[in-house]
There are 2 protein chains.
Amino acid sequence: MTPLKNASKQDSKNAGKPAQNGAHKAAIRQENEEQILAAAEKVFADYGFKGATTAQIAEVANVPKANVHYYFNTKEALYRRIMEDVCDHWLEAAATFDNSADPAVILRGYIESKMDLSRARPDGSRLWAHEIIRGAKFSSEYISTTVKDWLDSRVVVMRGWIKEGKMDAVEPYSLMYMIFATTQHYADFGRQIEIFNNDQALSDAQFAEAKENVVRIILKGVGLG
Amino acid sequence: MTPLKNASKQDSKNAGKPAQNGAHKAAIRQENEEQILAAAEKVFADYGFKGATTAQIAEVANVPKANVHYYFNTKEALYRRIMEDVCDHWLEAAATFDNSADPAVILRGYIESKMDLSRARPDGSRLWAHEIIRGAKFSSEYISTTVKDWLDSRVVVMRGWIKEGKMDAVEPYSLMYMIFATTQHYADFGRQIEIFNNDQALSDAQFAEAKENVVRIILKGVGLG
DNA sequence: GTCTATAACCGGATAGAC
DNA sequence: GTCTATCCGGTTATAGAC
């Protein structure tokens with residue numbers, strides 16, 4: 001989990017004061033914020049923006065409901081903050097896509113990173129799934145700019161691979177959607193997988209095997225196996 | 001869309017009456033029920049069980065809110081009804097899995113059926129996604145019995161194919177999850193795909209191309225290409 | 001069978017004591 | 001900064017007129 005950006009609407013209030021125990025207060029603030037963010041990620045992951053309640057977030061975070069509104073003015077602000085943080089991490093997972101290394105190595109690295117993120121931060125993935133399923137109401141601008149630019153540049157790289165005969169002539173968008181879907185499935189549909197696995201969460205060994213299977217099927221499927 | 005099972009808690013009330021215009025009333029009942037079910041599928045697809053409201057369902061169905069409760073006693077009953085109907089259709093999509101035909105033909109048929117269902121009934125898929133994401137609270141028993149039996153028997157068939165050398169030695173569960181994820185992605189993340197496609201829903205031609213790409217990558221990926 | 005009106009409760013957000 | 005008490009609009013469900 002990476003440090004989240006600071007929201008601090010109150011900073012101006014303390015601007016003039018002698019910084020008596022400012023460090024201490026800042027520490028408390030940061031701790032509370034992090035607790036609320038972690039709780040909100042869970043609750044939004046379960047119920048989506050509309051279905052989640054600030055009362056439940058407060059309960060999970062172990063703070064009074066009013067404090068949630070003190071730290072994050074609105075439910076929407078809290079939700080947006082987590083949503084974009086999740087997506088930013090996904091984009092970073094394929095940061096090295098555009099270099100000139102072996103396509104098989106690049107794709108394998110991307111798929112593995114994406115699988116690892118599903119394993120490490122499933123709630124973030126589920127929150128994102130909610131956001132898209134309900135029509136991307138808060139995120140369509142972000143997707144149509146930042147994410148689309150990111151995706152299109154990877155597609156260009158892939159078309160280059162195809163032209164050079166390094167990869168089968170598959171539609172790059174279809175391939176990327178398959179990678180999105182399959183890797184995020186292990187987070188978003190984790191509960192279903194758990195039930196199929198006799199009501200037990202996948203062990204580390206099982207997950208590692210799944211990851212290797214996903215990589216192998218996709219790489220071979222596009223002629224990189 | 002298949003005919004839905006009849007819920008009819010009121011039938012007993014009319015049991016003794018002369019069936020004066022019973023046929024007419026039954027027709028009205030069925031029409032209203034179908035309108036409500038269709039509206040509920042949309043609204044639940046957008047907001048999930050908790051986030052959806054009966055008022056909105058009534059509005060979309062164009063009936064007074066009280067009628068929604070007249071036809072389906074509770075919000076939960078309405079939700080469960082649609083949920084199981086969606087899943088039943090998915091299971092039927094691979095009804096022919098256990099015959100002795102060519103594995104490539106069987107898998108292709110299943111993937112294509114599943115893609116077609118995503119195209120034809122995306123709201124049902126999104127409702128199901130909501131249900132799993134929030135922890136399968138209403139469906140865990142159904143999944144751990146009906147769906148798991150269905151899945152396990154397909155897995156047995158695949159292990160047979162592998163033993164006979166017809167298919168690569170991939171983990172069948174990983175493969176099935178990939179098929180679930182990828183095909184349902186075209187429904188569940190349809191809005192995201194639309195944004196990437198310059199804010200235009202995939203045309204029939206684009207969807208057909210995507211379908212063919214999905215089939216080819218997966219079949220080749222498991223040595224059936 | 002249909003629908004208006006309402007009961008009973010829960011939601012996000014805030015005021016104001018500490 | 002913290003938290004109790006509260007406002008008010010929205011929510012499920014039902015009562016009861018038609």
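In this structure, B/Asn73 does not reach the D/dT12 phosphate: none of its side-chain N or O atoms is under 4.0 Å from OP1 or OP2.
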Please list, for nucleotides 3-10 of chain D, all pairs of protein and nucleotide N/O atoms separated by less than 3.5 Å.
residue: D/dC3; atom: OP2; partner: A/Asn67; partner atom: ND2; Å: 3.1

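No contact: B/Ala58 has no heavy atom under 4.0 Å from any strand.
Between B/Arg134 and B/Glu131, at least one side-chain nitrogen of the basic residue sits less than 4.0 Å from a carboxylate oxygen of the acidic one, meeting the salt-bridge criterion. Taking the charged nitrogens against the carboxylate oxygens, A/Arg121 and A/Asp85 do have a contact shorter than 4.0 Å, which makes a salt bridge. Residues B/Glu112 and B/Arg108 are paired through a salt bridge, judged by an N-O separation under 4.0 Å between the basic side chain and the carboxylate.
With rounding to whole Å, A/Tyr79 atom OH is found 18 Å from C/dG11 atom C1'. In this entry the distance linking CD of B/Glu76 with P of D/dT12 reads 13 Å, nearest Å. Between the NE2 atom of A/His69 and the C1' atom of C/dA15 there is a distance of 14 Å, given to the nearest Å. Summarising the geometry, the separation between CZ on B/Arg29 and P on C/dT2 is reported as 8 Å, rounded to the nearest angstrom. In this structure, CD of A/Glu33 is placed 13 Å from C1' of D/dG1, rounded to the nearest angstrom. Counting to the nearest Å, the P atom of D/dT12 and the OH atom of B/Tyr47 are 13 Å from each other. The distance between atom NZ of A/Lys75 and atom C1' of C/dA13, rounded to the nearest whole Å, is 12 Å. In this structure, B/Asn62 atom CG and C/dT2 atom C1' are separated by 14 Å, rounded to whole Å.
Taking the side chain of B/Thr74 as heavy atoms from C-beta on, and the options C/dG12, D/dA13, D/dT2, the nearest nucleotide is D/dA13.
Legend: residues meeting ring pair (Phe, Tyr, Trp, His ring centres under 6.0 Å) with B/Phe44, ordered by chain and number and at least two apart, are B/Tyr79. Applying the side chain to side chain contact (heavy atoms under 4.5 Å, CB included) test to A/Thr146 and every residue at least two apart in sequence or in another chain returns A/Leu91, A/Tyr142.
Using a 4.5 Å heavy-atom cutoff, the side chains of B/Asn213 and A/Leu175 are not in contact.
Judged by the 6.0 Å and 45° rule, A/Lys50 forms a cation-pi pair with B/Tyr47.
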